[in-house]
Peer 1: 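Next up is a structure, given as structure tokens.
All ligand and atom numbering here is 1-based and tracks the order in the structure.
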Amino acid sequence: MPEVQAPKIAAIAEPKRAVPAAGSDVPRHVAIIMDGNGRWAAARGLPRVEGHRRGVEALRKTVRAAGDMGIACLTLFSFSSENWQRPASEVRDLMGLLRRFIRNDLAELHGNNVRVRVIGERVDLDPGIRRLLEEAEDLTRANDGLVLMVAFNYGGRDEIARAVRRIAADVASGALKPEAVTEALIGQHLDAPDLADPDLIIRTSGEQRLSNFLLWQSAYSELVFTPVYWPDFDRVTLEQAVEEYRRRERRFGGLAAKTGS
Ligand code: FPP
């Protein structure tokens, strides 16, 4: 079920289509496709799991940097609904890293006023992992600092399909008229309906595609691709991506603000 709650963070609780206030040059919501762990490891003759381990270190650095930079929400693509196709041993490694990350880092995240949220399908997850994710969300629910949104067993098409299924059930029961199905209503049935769409989506490793990440929410996101492999990503590369974002002109389908052209 989606978590429908009063928004905790005023900075990102505005209507989803809201254009950032003039002069606010720090993106409120940054989402990252953390790619290149395997290639980072292969380039060093190391097993893939070592790339993922170093990826967790990069994740820690990035969370701290995002908080310091005044980013309100950081969404990290940690395990996609397609990642189950990887060898069982790699899936086990990734699940183990998530477990360890929550066990080792939750207290520090909580101490730093970070609110952890999770998007993705939880039904298929191991009950132990599900409990850990819930524990992280429950412990940090009242925090009003950075929102760390972990996309785990997440797929954009799956998220939209789950939303549509719930809406279809309401239409079938007569609770909802077909003409009430609007973009806003679909948005309200997504996994984190209260959060603003990402202003900036970064993908590391040189690949230039979304790979089923935040398909609905990315309609007007700025995309920045960096050749850096995820384990090498840090505060400096995050700042560079934000710099690139600042140079972009966001028009949301309208006209340029200054020239009207
Ligand atoms: C892509 O690298 C990355 C992932 C599949 C997942 C990202 C995972 C982490 C950063 C570590 C795990 C952290 C948590 C909290 C679960 P890739 O393996 O696709 O790299 P490649 O394209 O070079 O093979």
Peer 1: For ligand 1, which atoms, with element, lie under 4.0 Å from some heavy atom of His52?
Peer 2: 11 (C), 18 (O)
Peer 1: For residues Glu159 and Tyr154, is any side-chain donor paired with an opposing acceptor at under 3.5 Å?
Peer 2: yes
Peer 1: Quick one: which ligand 1 atoms are inside 4.0 Å of a heavy atom on Arg86?
Peer 2: 5 (C), 17 (P), 18 (O), 19 (O)
Peer 1: Need the ligand 1 atom indices (1-based, order shown) with element for anything under 4.0 Å from a heavy-atom of Trp230.
Peer 2: 10 (C)
Peer 1: Let's go through Asn143 and His110 carefully: what are the C-alpha distance in whole Å and the side-chain angles of both, what is the deciding distance for side-chain hydrogen bond (donor to acceptor under 3.5 Å, both in side chains) to 0.1 Å, and is it a yes or a no?
Peer 2: CA-CA 7 Å; Asn143 291 348; His110 184 43; 3.0 Å; yes
Peer 1: Can you tell which of Ile102, Asn37, Asp35 gets a heavy atom nearest to atom 9 (C) of ligand 1?
Peer 2: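 Looking at heavy atoms only, the winner is Asn37.
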Peer 1: Find all atoms of ligand 1 within a distance of less than 4.0 Å from any non-hydrogen atom belonging to Ser78, and give their numbers and elements.
Peer 2: 6 (C), 7 (C), 8 (C)
Peer 1: Which atoms of ligand 1 have any heavy atom of Gly38 under 4.0 Å away?
Peer 2: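 Counting atoms of ligand 1 from 1, those under 4.0 Å from Gly38 are 17 (P), 18 (O), 20 (O), 21 (P), 23 (O), 24 (O).
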Peer 1: Report the part of Arg48 in contact with ligand 1, treating N, CA, C, O as backbone and CB onward as side chain, heavy atoms under 4.0 Å; options are side chain, backbone, both, neither.
Peer 2: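 The part of Arg48 near ligand 1 is the side chain, not the backbone.
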Peer 1: Around atom 4 (C) of ligand 1, find the nearest protein heavy atom and jot down its residue, atom name and distance.
Peer 2: Met34 O, 4.0 Å
Peer 1: Give the atom numbers and elements of ligand 1 that come within less than 4.0 Å of a heavy atom of Arg39.
Peer 2: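 Those atoms are 21 (P), 22 (O), 23 (O).
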Peer 1: If you measure from the Lys or Arg side-chain nitrogens to the Asp or Glu carboxylate oxygens, is any gap between Glu137 and Arg122 under 4.0 Å?
Peer 2: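 Here Glu137 pairs with Arg122 in a salt bridge, since their nearest N and O are under 4.0 Å apart.
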Peer 1: Considering only heavy atoms from C-beta outward, does the side chain of Thr62 approach that of Ile32 to under 4.5 Å?
Peer 2: yes
Peer 1: Quick one: which of Ile129, Leu98, Val150, Leu76 has a heavy atom closest to atom 14 (C) of ligand 1?
Peer 2: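 Checking each option, the heavy atom nearest atom 14 (C) of ligand 1 is found in Leu98.
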Peer 1: So which heavy atom in the protein is nearest atom 12 (C) of ligand 1, and how far is it from that ligand atom?
Peer 2: Val56 CG2, 3.9 Å
Peer 1: For residues Val116 and Thr140, report the shortest heavy-atom separation together with the two atoms involved.
Peer 2: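 For Val116 and Thr140, the tightest heavy-atom pair comes out as N-OG1, 2.9 Å.
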Peer 1: Are the side chains of Asp35 and Tyr229 in touch, meaning some heavy atoms are under 4.5 Å apart?
Peer 2: no
Peer 1: Would you mind telling me which of Ile202, Leu200, Val224 makes a side chain to side chain contact (heavy atoms under 4.5 Å, CB included) with Glu244?
Peer 2: Val224
Peer 1: Is it true that Gly36 lies under 4.0 Å from ligand 1, counting heavy atoms only?
Peer 2: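 Right, Gly36 reaches ligand 1.
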Peer 1: Check the side chains of His29 and Asp197 for a donor-acceptor pair under 3.5 angstrom, ignoring hydrogens and angles.
Peer 2: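 Side chains of Asp197 and His29: no pair found under 3.5 Å.
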